[in-house]
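Below: one structure, written as structure tokens.
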Amino acid sequence: MVKVGILGVGTVGESVAKILLENADILEARAGKKIVPVLGAVRDLSKDRQVEIPLTDDPMAVIESADVDIVVELMGGVEEPYRLVRKALEAGKPVVTANKALLAYHRYELQEIAGETPLFYEASVAGGIPIIGALRNGLSANHIESIKGIMNGTCNFMLTKMIKEGADYEAVLKEAQELGYAEADPTFDVGGYDAAHKLLILGSIAYGIDAKPEEIIIEGIEKITATDVEFAQEFGYEIKLLGIAKKVEAGVEMRVHATMIPAESMIAKVDGVMNAVSVVGDRVGETMFYGPGAGGDATASAVIADIVEIVRGNSGPMLGYKKGLESGLPLVAPEAISSQYYLKLKVLDRPGVLAQVTSTLGEFGISIESMLQKPSRYADRVRLLFTTHRCEERKMNEAIAALKSLEVVDEQVTMIRIEK
């Protein structure tokens, strides 16, 4: 018999305990041993929980219990979970975690601490989608050329509503909050931080890149408008919040931002709260992983899959490699990435303005691929919408600063990157 202790018995923790109990027979058949939840740690013992295991408000009691063979960490946060996971690993107890923020900051330290002790984390990225296992094992014969993923269901739900119904950002955010897809403070989701934590984990497995969130581009969907959505559709694009990691000549680009992608691409067709990750390997080509990215049972499914792997005796290095992977591949600095761009400007409606704008872009070596002019709600203003040919991020930022300084340009200049 293998006994499991759970740190954090919230929505996912309750689902883990429930599935371990209710699906005990099939889990024993697949793992070869009976798996039983025996103890859970919570912050508030007075809160009613639908779980049939003993609870404590002392997380160290779970780690130090002689009855606990495997520790499952579902607390959230960074530093306190890091301290507790470290304690469990130092005690020689295997750990399963769903904590993406913990791994975004401490994955390499934890791999060093774990050594030969299993530390699994399938549920930390894309919920019930087995993308970690695919990268660590299923695609191990491949050099990974790129990873592009919809990794936040809240953003994907909102953008789908904006695309399909023409709704504006504030309206769809309110609906997402009412449905429970977005928190009262939605910044972590709509600002791109949740997706960035997940991307960093995948980037480590694929490329061995030890980057922190502060070192990559992280942007959200807060500035996307109905005008942007309309332009994208007119030119054959859809807008998605993507996490992108890809190998280029200078190293590895890693970034999270709203992205215009061709409407016919597989990932553009992923709607609602669903997640999807596209991985391109040098041998297998493109593979697509699709499914629910959150929710108690979906995430618990991934947690329990890891528990079963540990019980079976499967392990290996946490990140999937023992020596340096893709050694010598640096992280490309944010200002050095290369992309195509969409630009939206509100300008004075008078002769010569378009020439001023295009001339300014030309000064920074930026050429225009397509252009559209739209009326604005002000009689003396129009909106200019451009897509550009590929250029360096640094040049684009310099060009935007120059455009903002023009007297004929009014308000904010909006920029969205394009991935083909």
Side-chain angles (χ1 to χ4, degrees), residues 10-16 18-20 22-23 26-27 30 72 74 96-100 103-104 120-140 142 144 146-161 163-164 176 179-182 188-189 192 194-203 205-206 221 238 240-245 256 259 261 265-281 284-309 320:
T11 301
V12 177
E14 285 186 3
S15 290
V16 169
K18 182 179 178 182
I19 294 170
L20 287 175
E22 294 182 356
N23 289 9
I26 193 170
L27 288 170
R30 285 177 169 155
V72 174
L74 303 170
V96 175
T97 181
N99 191 332
K100 54 194 169 285
L103 297 173
F120 283 29
Y121 50 99
E122 182 65 67
S124 65
V125 179
I129 304 173
I131 184 61
I132 302 291
L135 280 174
R136 289 179 78 244
N137 303 313
L139 297 173
S140 55
N142 291 258
I144 303 302
S146 68
I147 299 169
K148 298 177 184 178
I150 296 170
M151 301 184 222
N152 185 274
T154 300
C155 288
N156 205 47
F157 169 82
M158 292 174 61
L159 289 171
T160 299
K161 283 278 183 178
I163 292 166
K164 303 293 186 188
L179 292 170
Y181 297 146
F188 193 67
D189 289 318
D194 172 76
H197 291 166
K198 297 169 183 176
L199 180 70
L200 290 166
I201 295 167
L202 298 183
I205 300 169
I221 64 169
E238 290 210 1
K240 298 289 186 183
L241 182 79
L242 290 189
I244 299 169
V256 172
T259 313
I261 54 177
S265 62
M266 287 193 294
I267 204 163
K269 303 182 191 306
V270 177
D271 290 335
V273 296
M274 303 305 281
N275 281 198
V277 183
S278 164
V279 181
V280 177
V284 74
E286 183 178 18
T287 56
M288 175 76 86
F289 303 84
Y290 169 88
D297 283 354
T299 306
S301 174
V303 169
I304 293 170
D306 280 348
I307 295 172
V308 169
E309 286 294 290

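The model shown is predicted, which means the values in this text are computed figures rather than measured ones. Numbering of residues begins at 1 and proceeds along the displayed sequence. Just so it is clear, the values below take in all heavy atoms, side chains as well, and ignore hydrogens, waters and symmetry mates.
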### Query
Quick one: which of Ile261, Ile147, Leu199, Asn152 gives a side-chain contact (heavy atoms from CB on, under 4.5 Å) with Leu242?
Ile261
### Query
Can you tell if the side chain of Val12 reaches within under 4.5 Å of the side chain of Asp297, non-hydrogen atoms only?
no
### Query
So, for Met158 and Ala176, which heavy atoms are closest and what is the spacing to 0.1 Å?
CG-CB, 4.1 Å
### Message
With a 4.0 Å cut-off on N to O distance, would you call Asp271 and Lys240 a salt bridge?
### Response
yes
### Shortest non-hydrogen contact between Leu241 and Cys155, atoms and distance
CD2-SG, 3.6 Å
### Step-by-step side-chain contact (heavy atoms from CB on, under 4.5 Å) determination, Tyr290 to Lys269
CA-CA 11 Å; Tyr290 169 88; Lys269 303 182 191 306; over 6 Å; no
### Closest heavy-atom pair and its distance - Ser124, Leu103
OG-CD1, 3.7 Å
#### Entry: Donor-acceptor contact below 3.5 Å, side chain Asn275 vs main chain Gly291
no
### Task
With rounding to the nearest 0.5 Å, note down the distance linking CD1 in Ile307 to CG in Leu20.
5.0 Å
### Summary
In this structure, CD1 of Ile132 is separated from NZ of Lys198 (nearest 0.5 Å) by 11.0 Å
### Message
Within this structure, what is the CD1-CG distance for the pair Ile144 and Leu139, rounded to the nearest 0.5 Å?
### Response
5.0 Å
### Message
Rounded at 0.5 Å granularity, tell me how far CD1 in Ile221 sits from OG1 in Thr259.
### Response
11.5 Å
### Message
The test is side-chain contact (heavy atoms from CB on, under 4.5 Å); show your working for Met151 and Leu202 and say whether it passes.
### Response
CA-CA 11 Å; Met151 301 184 222; Leu202 298 183; 3.9 Å; yes
### Query
Taking all atoms of both residues into account, what is the closest heavy-atom pair of Leu200 and Ala104, and its distance?
CD1-CB, 4.2 Å
### Message
Would the distance check show the side chain of Ser140 and the main-chain N or O of Arg136 forming a donor-acceptor pair, the cut-off being under 3.5 Å?
### Response
no
### Query
Say you draw a straight line from CG of Asn156 to CD1 of Ile150; how long is it, rounded to the nearest 0.5 Å?
4.5 Å
### Query
Counting only N and O atoms by type, is there a donor-acceptor contact under 3.5 Å from the side chain of Asp194 to the main-chain atoms of Asp189?
no
### Task
Using atom types as modelled and distance alone, determine if a side-chain donor or acceptor of Thr154 lies under 3.5 Å from a backbone N or O of Tyr181.
yes
### Query
Short question: side chain of Glu286, backbone of Val279 - any donor-acceptor pair under 3.5 Å?
no
### Task
Quick one: closest heavy-atom pair of Ala126 and Ile131, and the distance?
CB-CG2, 4.4 Å
### Query
How far apart are the closest heavy atoms of Met288 and Met266, and which atoms are they?
CE-CB, 3.3 Å
